[in-house]
Participant: 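Please read through the structure below; I'll follow up with questions.
First the proteins, then the strands, lettered A, B, ... as listed; each starts at 1.
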Protein chains: 2
Amino acid sequence: MSDLLERLRERGWRMTAQRRVVAQVLDGDHVHLTADEVHALAAERLPEISRATVYNTLGELVSLGEVLEVSTEGRAKRYDPNAHRPHQHLVCSDCGTIRDVHPTGNPLADLPAEERFGFTVSEVEVTYRGLCPSCG
Amino acid sequence: MSDLLERLRERGWRMTAQRRVVAQVLDGDHVHLTADEVHALAAERLPEISRATVYNTLGELVSLGEVLEVSTEGRAKRYDPNAHRPHQHLVCSDCGTIRDVHPTGNPLADLPAEERFGFTVSEVEVTYRGLCPSCG
DNA sequence: TCTTGACTTGGACTCCGTCCATCGTAGGAT
DNA sequence: ATCCTACGATGGACGGAGTCCAAGTCAAGA
């Protein structure tokens, strides 16, 4: 976790109280929070932090590759601090809960050349949907 | 296309001018339109159609399984009339273009039971990302 | 300590979508 | 053919998520 702060400092981040708090909130739990949840948790430690700052900081963390953005069907985006181990997501269609999963197989291999239409395909994203134990 | 209207009638749809127009707009092109685009095209034929009606109708078509909803990273949802042949999407990371693709394999089988966390998994969505020929 | 440009603030704004009270009408009943 | 009524349409208000901006603040290098 101070790992994260360390890496950020090395990349020339100006270290402010706000950024520190946002990074710590994300680094704490391995849950996928929405921007507003991050804001609420950050505000517990730093009451005057603004929503705009949380959005800015999350955006920066995403473009630095420290955090993944997971957008779920029409709901608010969630931020996934587990950016280093590759994984896919299992989403509850009812309450929106997300779990990380590690499927076997390689979906990239399942897309034949003639189905690529000249695209340079670099990434595959697999989302499993269903009902979680509480909603099922 | 009158196929579609036929099927809808059979399912007890009350056939109104608005619904007919929305169904025809979707059925015409095989492009993935946003709700507002559908509204604009529908309004060419039926100037007074309201946004709410377009949203309602699209929602009904989706829950009847006649149309698929494709939500793209933070932007407006798009509606995919090609609901009968199952397919996945190939998205250009740069310009947002979407192509339908038909990968081989069955990703559902790639998620072992111990990675399901008690969820009832019913659906898998695979999105391939990369650069299209014009952006590559 | 001073300076400065990067960062933060918060409120207005936009975009996408939903809600709701009211009005209109498709289509079965007569 | 006409009437009835429940289903559908309307449009304006509303709500959530996210962005923008002008003004104020402050981290950190000189």
Participant: Below 4.5 Å, heavy atoms only, C-beta onward: do B:H87 and B:L68 meet side chain to side chain?
Facilitator: yes

Participant: Do the charged groups of A:R78 and A:E69 touch, with an N to O distance under 4.0 Å?
Facilitator: no

Participant: If I compare all heavy atoms of B:D100 with all of A:F117, which pair ends up nearest, and what's the gap?
Facilitator: O-CE1, 3.7 Å

Participant: Looking at B:E6, B:E66, B:E60, which hits salt bridge (charged side-chain N to carboxylate O under 4.0 Å, His left out) with B:R11?
Facilitator: B:E66

Participant: Please report, rounded to the nearest Å, how far the P atom of D:dG18 is from the CG atom of A:L33.
Facilitator: 13 Å

Participant: Mind calculating the distance between CZ (B:R45) and C1' (D:dA9) to the nearest angstrom?
Facilitator: 19 Å

Participant: Once you round it to whole Å, what is the distance between C1' of C:dA26 and CG of B:L5?
Facilitator: 15 Å

Participant: Which residues in residues 48-60 of chain B have at least one heavy atom lying under 4.0 Å from any atom of DNA chain D?
Facilitator: B:E48, B:I49, B:S50, B:A52, B:T53

Participant: Between A:V25 and A:L33, is any pair of side-chain heavy atoms under 4.5 Å apart?
Facilitator: yes

Participant: Mind running a 4.0 Å heavy-atom check of residues 8-20 of chain A against DNA chain C and sending the residues that fall below it, in number order?
Facilitator: A:R14, A:T16, A:Q18, A:R19

Participant: Answer yes or no: is there a side-chain heavy-atom contact under 4.5 Å between B:H89 and B:R99?
Facilitator: no

Participant: Measure from CG on A:L46 to P on C:dC7 and round the result to the nearest Å.
Facilitator: 16 Å

Participant: Please tell me if the side chains of A:H39 and A:I49 come closer than 4.5 Å, counting only heavy atoms from C-beta onward.
Facilitator: yes

Participant: Compare all side-chain heavy atoms of A:R19 with those of A:W13 and state whether any distance is below 4.5 angstrom.
Facilitator: yes

